[in-house]
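Both backbone and side-chain heavy atoms feed into the values below; hydrogens, waters and symmetry mates do not.
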Amino acid sequence: MTQTTLIRRERAVRPLLLDLFCCAGGAGTGYHRAGFDIVGVDIAPRPNYPFTFHRADALTFLADLIATGEIERFAFVHSSPPCQAGCALTVGTNRSRGWGGTHVDLVAPTRVLLEASGLPYVIEQPNGRAEIRKDLTLCGEQFGLGVLRHRNFELGRWAVDRPAHPRHRGRVRGWRHGEFHDGPYVAAYGNGGGKPSVPELQAAMGIDWTDVREELTEAIPPAYSQWIGAAFLAQARTEVAA
């Protein structure tokens, strides 16, 4: 097994979920609320991550779990590969202005290993050019949040009906092309341009365990993964009862 930094915070007594590229735990927290115990993996130190955490390369860690058979301890895998290569901001405004740098696309190699794992899984990505199936799209308005934060999910080895996408109540607050727009949502990315304060961002996302702006702007709201996790567990219970 790859040498890692391990922090144990709890013993798994519920279905165990592997949270790859976990960042500070936005997805993991939602799945925990849905009924899973969580093991997170990220290449960066994540002292704010609220569950068992391994500091390691996510794909190497997953490959080792598969090779050793340890993957069988898990019931489900969530993955959020780095999104900068394909997200709308990177391929749109940033590229047109010559901003940013070269980004690695890890979606395809992540999918290969997830398929090899034999487990049901999710690959999460923002809107843009990421090459995933958009089996499910979630928006903050579906959960009454203060962000829109559209996220797409490819579902492997399971499926769920797509919920209705309600009409947005207004605009995202901030400056756009020299003009300020007010609205009921805040922009959960970057700095400046009317971006929210950290407390505003925490409240809008439903995240209170980290106050690191980078972690907040990279997270998905826990409400999204709680919905996904609850849907998966409901299906699993139905299949067992059948």
Side-chain angles (χ1 to χ4, degrees), residues 23-34 48 50 78 80 83-84 86-97 99 122-130 132-155 159-234:
C23 195
T29 296
Y31 286 117
H32 187 261
R33 292 172 182 170
N48 293 320
H78 173 94
S80 293
C83 64
Q84 289 87 351
C87 77
L89 180 61
T90 299
V91 301
T93 302
N94 285 4
R95 183 169 295 172
S96 69
R97 302 291 178 88
W99 299 339
V122 162
I123 303 175
E124 174 266 327
Q125 291 285 281
N127 281 340
R129 297 179 186 173
I132 66 167
R133 295 191 315 273
K134 297 179 181 179
D135 298 321
L136 176 65
T137 299
L138 297 178
C139 164
E141 182 60 26
Q142 292 165 315
F143 305 98
L145 300 178
V147 290
L148 291 178
R149 205 151 185 78
H150 296 99
R151 286 296 181 270
N152 302 305
F153 302 86
E154 179 175 319
L155 311 181
V160 67
D161 291 336
R162 298 168 66 99
H165 189 162
R167 184 174 181 177
H168 299 164
R169 289 172 287 128
R171 301 193 60 146
V172 176
R173 189 188 80 199
W175 290 90
R176 301 290 184 278
H177 307 293
E179 183 179 358
F180 183 81
H181 300 276
D182 202 359
Y185 313 106
V186 299
Y189 59 88
N191 290 289
K195 299 297 191 302
S197 66
V198 165
E200 287 177 316
L201 192 51
Q202 289 174 311
M205 296 275 286
I207 294 176
D208 60 6
W209 63 90
T210 178
D211 59 1
V212 178
R213 178 177 284 274
E214 178 190 6
E215 293 181 341
L216 289 164
T217 58
E218 290 183 0
I220 68 170
Y224 293 14
S225 50
Q226 183 175 355
W227 188 93
I228 294 170
F232 175 80
L233 289 176

Which pair of heavy atoms, one from [X] and one from [Y], lies closest together, and at what distance?
| X | Y | result |
| --- | --- | --- |
| Ala187 | Val172 | N-CG1, 3.6 Å |
| Ala34 | Gly229 | CB-C, 3.7 Å |
| Met205 | Ile220 | CE-C, 4.3 Å |
| Lys195 | Asn191 | CG-C, 3.6 Å |
| Gly30 | Ser225 | CA-OG, 3.3 Å |
| Ala24 | Pro50 | O-CD, 3.5 Å |

Which distance, rounded to the nearest 0.5 Å, do you find between the [atom1] of [X] and the [atom2] of [Y]?
| X | Y | atom1 | atom2 | result |
| --- | --- | --- | --- | --- |
| Leu136 | Tyr224 | CG | OH | 10.5 Å |
| Glu124 | Ser80 | CD | OG | 3.5 Å |
| Phe153 | Ile123 | CZ | CD1 | 12.0 Å |
| Arg171 | Phe180 | CZ | CZ | 10.5 Å |
| Asp211 | Gln202 | CG | CD | 6.0 Å |
| Asn152 | Arg133 | CG | CZ | 12.5 Å |

- Would Leu138 and Ile228 satisfy side chain to side chain contact (heavy atoms under 4.5 Å, CB included), going step by step from the backbone distance to the final call? CA-CA 10 Å; Leu138 297 178; Ile228 294 170; 4.1 Å; yes
Taking C-beta and beyond as the side chain, do [X] and [Y] meet within less than 4.5 Å on heavy atoms?
| X | Y | result |
| --- | --- | --- |
| Tyr189 | Pro126 | no |
| Val122 | Leu155 | yes |
| Arg173 | Pro196 | yes |

- N/O donor-acceptor pair under 3.5 Å between Glu141 side chain and Leu148 backbone: no
- Message: Please check this pair: side chain of Arg149 against backbone of Ala219, looking for a donor-acceptor N/O pair closer than 3.5 Å.
- Response: yes
- Dump the intermediate steps for side chain to side chain contact (heavy atoms under 4.5 Å, CB included) on Gln125 and Glu154, then the final yes or no. CA-CA 9 Å; Gln125 291 285 281; Glu154 179 175 319; over 6 Å; no
- Message: I'd like to know whether Tyr185 forms a side chain to side chain contact (heavy atoms under 4.5 Å, CB included) with Arg169, so could you lay out the CA-CA distance, the side-chain angles of the two residues, the decisive distance to 0.1 Å, and finally the verdict.
- Response: CA-CA 9 Å; Tyr185 313 106; Arg169 289 172 287 128; 3.5 Å; yes
- Message: Parallel, tilted or perpendicular, judged at 30° and 60°: which one describes the rings of His150 and His165?
- Response: tilted
